[in-house]
Amino acid sequence: MFLSDRVRRRWHQSENTAQNLEPARRLFPTNRIRDAVYTRRGLKWGVPAMLLAAPYIAAVKLLTDHIEQGGPGWLHLVVLLCGWNTLKMLWLGPVSLILLARARRPSARIAAHSARRPAG
């Protein structure tokens, strides 16, 4: 079996996995927020959505303090999940600003072009 066949087969397996996990992905709040912000109308909410990282940071701090005082070890998984969600929320701001600038560039170009054209 050639390398390209292996790569193609792995790619197909990853596509199947992604399609099977899509319904469950919709249940997680940070994914729903991210999907809403990445729409054209939601791009302006990227920077305010970064503020949602604060509760996740507080949860990480509280959980790590509880673990250090002898709490159950499985809370490390919750800390990892909260940390990952924190990074997702913090990343929304810069990415949404870049996407907003990219989306507004063609409309600004059209407006500038129509303003230069003489009426009549």
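Quick caveat, the model's predicted, so the values are computed rather than measured.
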Non-neighbouring partners of Lys61 that pass salt bridge (Lys or Arg N to Asp or Glu O under 4.0 Å), sequence neighbours left out:
Asp65

To the nearest 0.5 Å, what is the distance between CZ (Phe28) and CG (Leu81)?
8.0 Å

Among residues at least two apart in sequence or on other chains, which ones pass side chain to side chain donor-acceptor pair (under 3.5 Å) with Glu15?
Trp11

Taking every heavy atom of Thr39 against every heavy atom of Ala36, the minimum-distance pair comes out as OG1-O, 2.8 Å

Those residues that, when tested against Arg8, pass salt bridge (Lys or Arg N to Asp or Glu O under 4.0 Å) (two or more places apart):
Asp5

Contacts satisfying salt bridge (Lys or Arg N to Asp or Glu O under 4.0 Å) that involve residues 34-56 (not counting sequence neighbours) are Arg25-Asp35, Arg26-Asp35

Considering all heavy atoms of both residues, which atom of Val95 and which atom of Tyr38 are nearest to each other, and what is their separation?
CG1-OH, 3.4 Å

Between Leu80 and Leu62, is there a shared hydrophobic cluster once you connect ILVMFWY residues whose side-chain heavy atoms come closer than 4.5 Å?
no

Let me check something: do Leu97 and Leu43 share a hydrophobic cluster, defined by ILVMFWY side-chain heavy atoms less than 4.5 Å apart, either directly or through other members?
no

Nearest 0.5 Å, please: how far is OG1 in Thr30 from CG in Leu87?
11.0 Å

May I have all residue pairs that pass salt bridge (Lys or Arg N to Asp or Glu O under 4.0 Å) and include part of residues 84-102, sequence neighbours excluded?
none

Is Ile98 isolated, or which residues cluster with it under the ILVMFWY side-chain rule of less than 4.5 Å, directly or via members?
none

Please list every donor-acceptor pair under 3.5 Å in which a side-chain atom of residues 50-57 meets a protein atom from a residue at least two apart or in another chain.
none

List the atom of Gly46, the atom of Ser96, and the distance in Å for their closest heavy-atom pair.
CA-OG, 3.1 Å

Among Leu99, Val47, Leu92, exactly one meets side-chain contact (heavy atoms from CB on, under 4.5 Å) together with Val37. Which residue is that?
Leu92

Please give the remaining members of the hydrophobic cluster of Val60, linking ILVMFWY side chains under 4.5 Å, ordered by chain and number.
Leu63, Ile67, Trp74, Leu75, Val78, Val79

